[in-house]
**Student:** 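Below is a structure I'd like to ask you about.
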Amino acid sequence: MSALQAQAIGTGRLDLLPLDVEHAEEMAAVLSDPALHTFIGGAPDTPHALRSRYRRLAAGSPDPAVSWLNWVIRLRDASCLTGTVQATVSPSGHGPVAEIAWVVGTPWQGRGIAGEAARGLVAWLTRQPVHTVIAHIHPDHRASAAVATAAGLTPTGERHEGEIRWRRSLGR
């Protein structure tokens with residue numbers, strides 16, 4: 001499998017734009033609420049720390065068989081960033097697997113942005129050489145479970161580091 005590259009993805013209200021170091025300043029504000037870290041751990045990054053992190057992500061995985069794909073979510077009408085989506089595509093014995101995740105800043109939650117972004121991401125992944133999409137969701141995180149459901153993933157009986165593994169086969 002050759003490395004995949006993030007490409008711009010459009011949905012009804014959103015533009016998913018490939019992550020760039022220049023997004024760090026605005027994203028630091030978007031992700032500044034400590035409550036966002038309730039289920040994922042850690043604390044909000046400073047703009048400087050986020051720039052460093054985005055540089056590492058933009059450089060790509062050190063493993064040539066793994067693709068790190070990262071986007072910022074832009075709410076088109078308001079012309080502002082609202083969160084991120086990501087996919088890590090890795091080889092497996094059953095074909096390439098994309099592990100996806102999302103986060104939307106507190107002021108934009110409850111508007112269906114994460115679900116729309118996740119659906120757009122999964123639709124894009126269906127056009128790539130990806131066999132399976134998975135997400136890991138904390139068992140108490142109902143909002144993320146709703147996003148995964150909206151993107152066509154279903155919970156499995158598997159756990160990964162205390163989180164429920166959700167899966168969608170792309171039927172390849």
**Student:** Any side-chain donor paired with an acceptor under 3.5 Å for Thr149 and Trp166?
**Tutor:**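 Short answer, no.
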
**Student:** For the pair Ser90 and Val66, evaluate side-chain contact (heavy atoms from CB on, under 4.5 Å) and give the outcome as yes or no after the intermediate values.
**Tutor:** CA-CA 5 Å; Ser90 307; Val66 175; 3.9 Å; yes

**Student:** Looking only at heavy atoms, which two atoms of Gln7 and Trp124 are closest? And how far apart?
**Tutor:**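 Closest approach of Gln7 to Trp124: OE1-NE1, 3.1 Å.
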
**Student:** Considering only heavy atoms from C-beta outward, does the side chain of Ile100 approach that of Val85 to under 4.5 Å?
**Tutor:** no

**Student:** Does Leu36 share a hydrophobic cluster with Leu50, counting links as ILVMFWY side-chain heavy atoms below 4.5 Å and allowing steps through other members?
**Tutor:**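 Yes, same cluster.
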
**Student:** Between Thr132 and His94, does a side-chain contact (heavy atoms from CB on, under 4.5 Å) hold up when you go through it step by step?
**Tutor:** CA-CA 8 Å; Thr132 305; His94 303 290; 5.7 Å; no

**Student:** Assess the residue pair Arg168 and Thr154 against the criterion (side-chain contact (heavy atoms from CB on, under 4.5 Å)); give the C-alpha distance rounded to whole Å, side-chain angles, the decisive distance to 0.1 Å, and a yes or no.
**Tutor:** CA-CA 7 Å; Arg168 176 177 171 180; Thr154 56; over 6 Å; no

**Student:** On a heavy-atom basis, which atom in Pro18 and which in Ala6 lie closest, and how many Å separate them?
**Tutor:** CG-O, 3.6 Å

**Student:** Rounded to the nearest 0.5 Å, what separates atom CZ in Arg165 from atom CD in Glu99?
**Tutor:** 7.0 Å

**Student:** Only pairs under 3.5 Å count here: list side-chain donor-acceptor contacts from residues 74-81, not counting sequence neighbours, and write none if there are none.
**Tutor:**
{"from": "Arg74", "atom 1": "NH2", "to": "Asp15", "atom 2": "OD2", "distance (Å)": "2.6"}
{"from": "Arg76", "atom 1": "NE", "to": "Asp15", "atom 2": "OD1", "distance (Å)": "3.2"}
{"from": "Arg76", "atom 1": "NE", "to": "Asp15", "atom 2": "OD2", "distance (Å)": "3.3"}
{"from": "Arg76", "atom 1": "NH1", "to": "Thr11", "atom 2": "O", "distance (Å)": "3.3"}
{"from": "Arg76", "atom 1": "NH1", "to": "Gly12", "atom 2": "O", "distance (Å)": "2.9"}
{"from": "Arg76", "atom 1": "NH2", "to": "Thr11", "atom 2": "O", "distance (Å)": "2.9"}
{"from": "Arg76", "atom 1": "NH2", "to": "Leu14", "atom 2": "O", "distance (Å)": "2.5"}
{"from": "Arg76", "atom 1": "NH2", "to": "Asp15", "atom 2": "OD1", "distance (Å)": "3.0"}

**Student:** Ser32 versus Thr106: any side-chain heavy-atom pair under 4.5 Å?
**Tutor:** no

**Student:** Measure from the side-chain N and O atoms of His37 to the backbone N and O of Pro34, and report whether any donor-acceptor pair falls under 3.5 Å.
**Tutor:**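 Judged by distance alone, no pair lies under 3.5 Å.
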
**Student:** Any side-chain heavy atom of Ile73 within less than 4.5 Å of one from Leu16?
**Tutor:**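 Counting from C-beta outward, Ile73 and Leu16 do come under 4.5 Å.
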
**Student:** Can you measure from CG (Leu121) to CD (Glu116) and round to the nearest 0.5 angstrom?
**Tutor:**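 Going from the CG atom of Leu121 to the CD atom of Glu116 covers 12.5 Å.
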
**Student:** Compare every heavy atom of Arg13 with every heavy atom of Ile113, then report the nearest pair and how far apart it is.
**Tutor:** N-NH2, 3.6 Å

**Student:** Would Leu19 end up clustered with Leu4 when hydrophobic side chains under 4.5 Å apart are linked, directly or stepwise?
**Tutor:** yes

**Student:** Between Asn70 and Thr84, does a side-chain contact (heavy atoms from CB on, under 4.5 Å) hold up when you go through it step by step?
**Tutor:** CA-CA 7 Å; Asn70 296 275; Thr84 63; over 6 Å; no

**Student:** For the atom pair CD (Glu163) and CG (Asp140), what is the distance rounded to the nearest 0.5 Å?
**Tutor:** 11.0 Å

**Student:** Nearest 0.5 angstrom please: Ile134 CD1 to Thr156 OG1, how far?
**Tutor:**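 Answer for the CD1-OG1 pair, Ile134 versus Thr156, is 9.0 Å.
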
**Student:** Can you give me the closest heavy-atom contact between Trp102 and Ala118, atom names plus distance?
**Tutor:**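 Here Trp102 and Ala118 meet closest at CE3-CB, 4.3 Å.
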
**Student:** Report the distance from atom CD1 of Ile164 to atom NE2 of His138, rounding to the nearest 0.5 Å.
**Tutor:** 9.0 Å

**Student:** What are the two closest non-hydrogen atoms of Gly83 and Val30, and how far apart are they?
**Tutor:** N-CG1, 3.8 Å

**Student:** Given 3.5 Å as the limit, does a donor-acceptor pair link the side chain of Ser67 with the main chain of Val89, or not?
**Tutor:**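 Side chain of Ser67 to backbone of Val89, a donor-acceptor pair under 3.5 Å: no, none is there.
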
**Student:** Spell out, yes or no, whether Val122 and Val130 are grouped together once hydrophobic residues are joined by side-chain heavy atoms under 4.5 Å, including indirect joins.
**Tutor:** yes

**Student:** Give every residue pair that meets the salt bridge (Lys or Arg N to Asp or Glu O under 4.0 Å) criterion with at least one member in residues 41-57, sequence neighbours excluded.
**Tutor:**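 Qualifying pairs: Glu25-Arg51.
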
**Student:** Testing the basics here: between Pro139 and Gly162, what is the closest heavy-atom pair and its distance to 0.1 Å?
**Tutor:**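 Here Pro139 and Gly162 meet closest at CD-O, 3.4 Å.
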
**Student:** Do Phe39 and Val147 share a hydrophobic cluster, counting only Ile, Leu, Val, Met, Phe, Trp and Tyr and linking them when any side-chain heavy atoms are less than 4.5 Å apart?
**Tutor:** no

**Student:** First locate atom CZ of Arg111, then atom OG1 of Thr82, and finally report the distance between them rounded to the nearest 0.5 Å.
**Tutor:** 8.5 Å

**Student:** State yes or no: do Trp68 and Val72 share one hydrophobic cluster built from I, L, V, M, F, W and Y residues joined by side-chain heavy-atom distances below 4.5 Å, directly or via other members?
**Tutor:**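 Linked within one cluster.
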
